[in-house]
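The next block holds one structure in the form of structure tokens; read it before the comments.
Computed from a predicted structure; not experimentally measured. Just the heavy atoms: all of them, side chains too, but no hydrogens, waters or symmetry mates, feed the values below.
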Amino acid sequence: ALTGFGDAAADFLGRVDGLVNNAGTNIFAGVSGATRPVIARCLDVNFMPCWMLSRQLRPYLARSRGAIVNMASVHASRTDAGAFPYNVSK
């Protein structure tokens, strides 16, 4: 779904000055309750789009001397035992 997004954004806007990665979903599951599909879903929403869009927009951002802003969560440094998939993805 994100294939070609960088080119489309640059064509539509004329240039790309910034990217804000702010997607996120929280899935409540502890370590023993977090299955592979649960972890994959959390990473697919919280990590993969950030990586994919950052890669696609990097050339445009380099040209405009733009920036990438990655929004984080308090869970990056202060975790909750019942939100293992989210904690790992942040």
Side-chain angles (χ1 to χ4, degrees):
L2 295 176
T3 303
F5 180 82
D7 291 332
D11 288 345
F12 181 77
L13 298 169
R15 64 186 250 177
V16 179
D17 295 317
L19 168 65
V20 177
N21 288 314
N22 193 35
T25 188
N26 194 350
I27 299 172
F28 294 99
V31 173
S32 59
T35 62
R36 186 178 183 94
V38 165
I39 296 289
R41 168 73 177 140
C42 212
L43 291 173
D44 283 349
V45 173
N46 296 353
F47 173 74
M48 294 304 290
C50 297
W51 172 67
M52 293 169 70
L53 289 172
S54 296
R55 279 183 56 119
Q56 283 189 39
L57 293 177
R58 184 181 174 279
Y60 304 102
L61 294 168
R63 268 181 254 157
S64 69
R65 299 184 55 88
I68 298 171
V69 176
N70 292 315
M71 303 302 284
S73 166
V74 69
H75 286 268
S77 60
R78 185 173 159 232
T79 62
D80 177 3
F84 178 74
Y86 183 78
N87 298 337
V88 169
S89 71
K90 291 298 179 176

[X], [Y]: one ILVMFWY side-chain cluster at the under-4.5 Å cut-off?
{"X": "Val20", "Y": "Met48", "result": "no"}
{"X": "Ile68", "Y": "Met71", "result": "no"}
{"X": "Phe47", "Y": "Val88", "result": "yes"}
{"X": "Phe5", "Y": "Trp51", "result": "yes"}

Problem - Residue pairs involving residues 32-45 (criterion side-chain hydrogen bond (donor to acceptor under 3.5 Å, both in side chains); sequence neighbours excluded) - result: none

Could you measure the distance from the [atom1] atom of [X] to the [atom2] atom of [Y]? Nearest 0.5 Å is fine.
{"X": "Arg58", "Y": "Leu53", "atom1": "CZ", "atom2": "CG", "answer": "15.0 Å"}
{"X": "Ile27", "Y": "Asn87", "atom1": "CD1", "atom2": "CG", "answer": "12.0 Å"}
{"X": "Cys42", "Y": "Asn26", "atom1": "SG", "atom2": "CG", "answer": "6.5 Å"}
{"X": "Leu61", "Y": "Ser54", "atom1": "CG", "atom2": "OG", "answer": "8.0 Å"}

Minimum side-chain heavy-atom gap [X]-[Y] below 4.5 Å:
{"X": "Ile39", "Y": "Phe84", "value": "yes"}
{"X": "Arg15", "Y": "Asp17", "value": "yes"}
{"X": "Leu19", "Y": "Val69", "value": "no"}

Handout entry: No-hydrogen, no-angle side-chain donor-acceptor test under 3.5 Å, Tyr86 and Thr25
Key = no

Handout entry: Nearest non-hydrogen partners of Asn21 and Pro49, listed with the distance
Key = OD1-O, 4.4 Å

Completion exercise
Here the pair of heavy atoms bringing Pro85 nearest to Val38 is CG-CG1, 3.6 Å

